[in-house]
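Reviewing the structure listed below.
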Protein chains: 2
Amino acid sequence: MGRKRTKSGKIRLAEVAELAGVSPITASRFFRNPEALSVAKRTRVESAAKELGYVPNLAARALASQRTEVIGVLIPSLTNNVFSDVLRGIYDASEGSRYSIQLSNTRYSILQEEKLLRLFLAQKPAGLIVTGIDQTEESRAMLEAADCPIVQIMEIGPNPVDMMIGFSHYDAARAAIAHLFAQGHRKIGFVGARMDPRVQRRLDGYVSAMKDAGLFEQRFVVTTATPTSVTLGGALFTDLLAREPDLDAVFCANDDLALGVLFECRRREIGVPEQIGIVGFNDLEFMASAVPTLTSVRTNRYEMGKTAATMLIEAIEGRRPEQPVLDLGFRVIERQSSSSRHPDNRPALSGGAAPNKMVALPSSHD
Amino acid sequence: MGRKRTKSGKIRLAEVAELAGVSPITASRFFRNPEALSVAKRTRVESAAKELGYVPNLAARALASQRTEVIGVLIPSLTNNVFSDVLRGIYDASEGSRYSIQLSNTRYSILQEEKLLRLFLAQKPAGLIVTGIDQTEESRAMLEAADCPIVQIMEIGPNPVDMMIGFSHYDAARAAIAHLFAQGHRKIGFVGARMDPRVQRRLDGYVSAMKDAGLFEQRFVVTTATPTSVTLGGALFTDLLAREPDLDAVFCANDDLALGVLFECRRREIGVPEQIGIVGFNDLEFMASAVPTLTSVRTNRYEMGKTAATMLIEAIEGRRPEQPVLDLGFRVIERQSSSSRHPDNRPALSGGAAPNKMVALPSSHD
DNA sequence: GTCGTTGCTGGTAGCGCTGTCAACGATCCT
DNA sequence: AGGATCGTTGACAGCGCTACCAGCAACGAC
């Protein structure tokens with residue numbers, strides 16, 4: 001049943017120190033800063049610890065040192081594929097380090113975020129990763145006053161609290177529309193769900209690109225606050241078609257919606273891309289596999305998470321990165337669903353302030 | 001920059017006690033067992049705490065009380081949709097409770113699991129949630145010796161370490177095959193990826209069902225250790241077809257593979273379900289939206305996580321559930337992709353020892 | 001009236017570790 | 001050679017909270 005066993009044989013630092021023939025404080029130092037010990041004592045403590053199977057008591061450490069080795073992570077959703085990739089990056093980066101991850105879900109509510117932030121901060125985390133740049137005023141103040149490094153992820157913008165890593169959703173959307181223009185599409189609709197700040201900025205990018213071309217029409221835009229889903233993609237597309245039957249392409253705020261649009265086209269026997277072009281956002285794995293393959297804007301989610309955690313840990317340990325704000329860019333991955341109405345292909349469009357920082361996107365699966 | 005600020009104005013329990021005019025220990029009791037206080041002192045402490053904005057120091061509490069309020073969760077993957085639903089349930093259940101979640105990713109390695117378990121156990125967690133029933137001997141021993149409640153999730157089997165919640169993957173696979181039989185399919189292939197223990201048991205269920213019907217052929221089975229993906233579904237299906245061109249249905253170990261198979265059929269212009277029936281596993285949201293809609297085995301992932309965490313918390317607080325092993329069942333959701341070769345429809349098949357415990361599956365998104 | 005009993009409260013003593021500072025010998029510079 | 005500096009080590013004093021046990025009033029039973 002696993003309920004028995006009362007006192008586990010606790011090995012304290014003092015025991016290790018005794019066995020090693022050093023003072024407790026020296027043993028303590030071994031675990032925090034081994035370089036500070038002479039080689040002789042270092043090996044003595046090391047073998048003593050191993051022999052006794054010593055595991056430090058984190059609570060005591062936290063109490064005595066007035067700081068924890070916890071990195072708080074605030075993300076809006078646990079199930080959105082986008083965040084699970086980011087999370088995986090964060091966990092991968094934290095692995096092997098002394099830091100552990102404390103994750104909380106804001107459910108896309110900045111009020112909830114504020115509440116969680118208060119909770120986190122009270123425990124004096126070693127560092128904090130927060131999503132986006134749209135915090136409440138109160139949250140912002142807490143973050144600025146916080147006594148630990150902070151990374152804002154998912155997007156970049158002015159006035160970072162501390163560090164920042166992401167890309168411009170606005171520019172990415174503009175690049176997607178530019179691609180559609182280049183392929184000869186003109187009447188381009190927008191479907192968006194959830195409409196969190198990042199989706200909103202994609203919409204803004206879409207609107208500006210369309211306006212720049214003198215092609216914007218309010219009826220081309222269909223959005224909802226409802227959480228995204230494949231099914232919803234179909235429904236929103238249906239709305240869009242009802243408003244504008246002559247549509248020749250759709251830019252979807254994410255790939256789930258794009259897949260839903262694709263299925264809806266199939267249901268209605270609308271040819272893709274002959275009659276309707278489709279572009280998604282995020283470049284989830286299935287996009288390359290769909291029939292026809294679906295164009296999307298690739299974002300470096302895994303790397304974003306991994307780099308954010310790495311930067312944070314570096315900063316915690318006193319090595320602040322030379323570049324506190326990192327633009328990871330994006331890339332329009334051109335596939336069949338948006339292919340040219342005129343048969344001319346061109347290279348992939350890239351964007352972001354640091355396109356050279358781009359790396360291959362790891363598989364979405366682990 | 002957020003790096004400044006040295007000493008946050010720390011309000012200790014002692015301050016609260018002083019303001020309330022009680023001893024620190026009484027104030028302490030207020031937070032742990034308010035019932036033990038007289039009503040007068042209770043309200044005094046409460047308002048004092050609120051006035052000062054007191055937040056308990058968890059490290060000190062853990063050190064003094066020799067236990068933490070941390071629930072350790074070990075799952076094989078962060079990105080698999082299946083686990084993100086379970087996780088969401090766990091987080092939802094833990095919210096509002098005093099417990100916080102400590103998550104780690106075993107990457108489908110039981111050795112890694114063992115390592116993490118050792119790490120977790122050393123910090124004396126309040127409770128533990130582990131995935132599956134295939135631990136190493138060492139892990140098993142540690143779990144049995146652990147001084148906290150434990151829930152095994154995702155599947156049920158004999159000899160629970162403590163509590164257990166899940167369903168029979170074997171039975172679920174058999175039900176899927178029974179459904180295909182009922183629809184007139186005979187040459188049914190199996191495609192599986194990753195081949196973790198649960199997928200293996202689905203395969204076992206498939207094999208037994210096929211053998212029972214005298215229809216099993218080794219060449220109907222295509223599996224790989226590679227992580228699952230939509231693309232992989234298409235590739236495995238291609239292999240399968242090469243081995244057995246006369247196949248009339250495919251049972252996919254998960255929905256990603258099923259979607260890949262669907263796309264591959266489309267690519268090859270194979271009619272679904274006329275020429276090939278498809279059944280997936282998990283019933284992810286997109287299955288209902290695909291064209292044709294895809295049959296799948298629905299599993300109660302969110303509820304599994306939520307119930308597991310709820311049971312665990314109850315057990316931690318001394319209220320052990322009357323039913324330590326819970327079968328959440330499954331349900332074959334019949335859709336177009338497997339529909340009858342003979343036009344007769346029948347109600348959905350259900351399974352599991354506690355089908356009445358079945359609840360509506362919450363949306364996969366939050 | 002005395003003696004438990006119960007309900008509430010407080011004092012004492014750490015939990016296991018680390019921050020700070022001082023001390024020591026060895027090394028280096030002038 | 002004398003003093004300064006560096007590298008290494010240890011003593012001490014808590015960090016903020018709770019376990020444990022003692023105390024005390026109020027109450028009822030004998």
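Residue numbers begin at 1 in each chain, while the letters A, B, ... track the order of the sequences.
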| said: Angle between ring planes, A:Tyr108 versus A:Phe83, binned at 30° and 60°: parallel, tilted or perpendicular? | reply: perpendicular
| query | Given C:dG19, is OP1 or OP2 found less than 4.0 Å from the side-chain N or O atoms of A:Arg61? | reply | no
| CZ of B:Arg12 to CG of B:Asn57: how many Å apart, nearest 0.5 Å? | 10.5 Å
| message | Regarding A:Pro56, tell me which of base, sugar-phosphate or nothing describes its non-hydrogen contacts under 4.0 Å with the strands shown. | response | sugar-phosphate
| request: Quickly work out the A:Phe30 CZ to D:dG10 P distance and round it to whole Å. | output: 15 Å
| query | Below 4.0 angstrom from OP1 or OP2 of C:dC17, is there any side-chain N or O of A:Arg32? | reply | no
| query | Does B:Ser65 make a side-chain N or O approach to OP1 or OP2 of D:dT18 shorter than 4.0 Å? | reply | no
| said: Let me spell it out: for each of B:Leu63 and B:Glu35, pick the nucleotide of DNA chain C with the closest heavy atom. Which residue's pick is nearer the 5' end? | reply: B:Glu35
| remark: Regarding the side chain of B:Lys41, the nearest nucleotide among C:dT9, D:dT9, D:dG10 is C:dT9
| request: Rounded to the nearest angstrom, tell me the gap between atom CG in A:Leu58 and atom C1' in C:dC15. | output: 14 Å
| request: Figure out the CG/C1' separation between A:Asn33 and D:dG7, and round it to whole Å. | output: 12 Å
| query | With a 4.0 Å cut-off on heavy atoms, is A:Tyr54 in touch with a base, just the backbone sugar-phosphate, or nothing at all? | reply | sugar-phosphate
| message | Classify A:Arg42 by what it touches in the nucleic acid, base, sugar-phosphate, or nothing, heavy-atom distance under 4.0 Å. | response | nothing
| field | Side-chain N or O of A:Ser23 closer than 4.0 Å to phosphate OP1/OP2 of D:dA11 | value | no
| task | Take atom CD1 of A:Ile25 and atom P of C:dA22, then tell me their distance rounded to the nearest Å. | result | 15 Å
| task | Walk me through it: do B:Asp134 and B:Arg140 pass the test salt bridge (charged side-chain N to carboxylate O under 4.0 Å, His left out)? | result | CA-CA 9 Å; B:Asp134 303 86; B:Arg140 176 86 194 187; over 6 Å; no
| task | Can you tell me the distance, in whole Å, between the CG atom of A:Leu37 and the P atom of D:dT9? | result | 6 Å
| task | With the side chain of B:Asn57 defined as its heavy atoms from C-beta on, choose the nearest nucleotide among D:dT18, D:dG16, C:dG16. | result | D:dG16
| message | As an exercise, state the distance from CD of A:Glu155 to OG1 of A:Thr131, rounded to the nearest 0.5 Å. | response | 9.5 Å
| field | Nearest-Å distance for atom pair CD/P, residues B:Gln123 and C:dC15 | value | 18 Å
| task | For C:dC17, take OP1 and OP2 only and decide whether either is under 4.0 Å from a side-chain N or O of A:Gln66. | result | no
| query | Does A:Thr26 place a side-chain N or O at less than 4.0 Å from the phosphate oxygens OP1/OP2 of D:dG10? | reply | yes
| said: C:dC17, OP1 or OP2 - any side-chain N/O from A:Ser28 closer than 4.0 Å? | reply: no
| note | The residue among B:Thr310, B:Ile101, B:Ile71, B:Leu103 that forms side chain to side chain contact (heavy atoms under 4.5 Å, CB included) with B:Ile90 is B:Ile101
| request: Report the distance from atom CG of A:Leu13 to atom C1' of C:dT18, rounded to the nearest whole Å. | output: 9 Å
| Base, sugar-phosphate, or nothing: which does B:Ala36 touch, judged by heavy atoms less than 4.0 Å apart? | sugar-phosphate
| query | Looking at CZ of A:Arg29 and CZ of A:Arg42, how far apart are the two atoms once the value is rounded to the nearest 0.5 Å? | reply | 13.0 Å
| So does B:Arg29 reach the base of C:dG10 with its side chain, donor to acceptor, closer than 3.5 Å? | yes
| query | Taking atom P of D:dC17 as reference, at what distance in whole Å does atom NZ of A:Lys124 sit? | reply | 10 Å
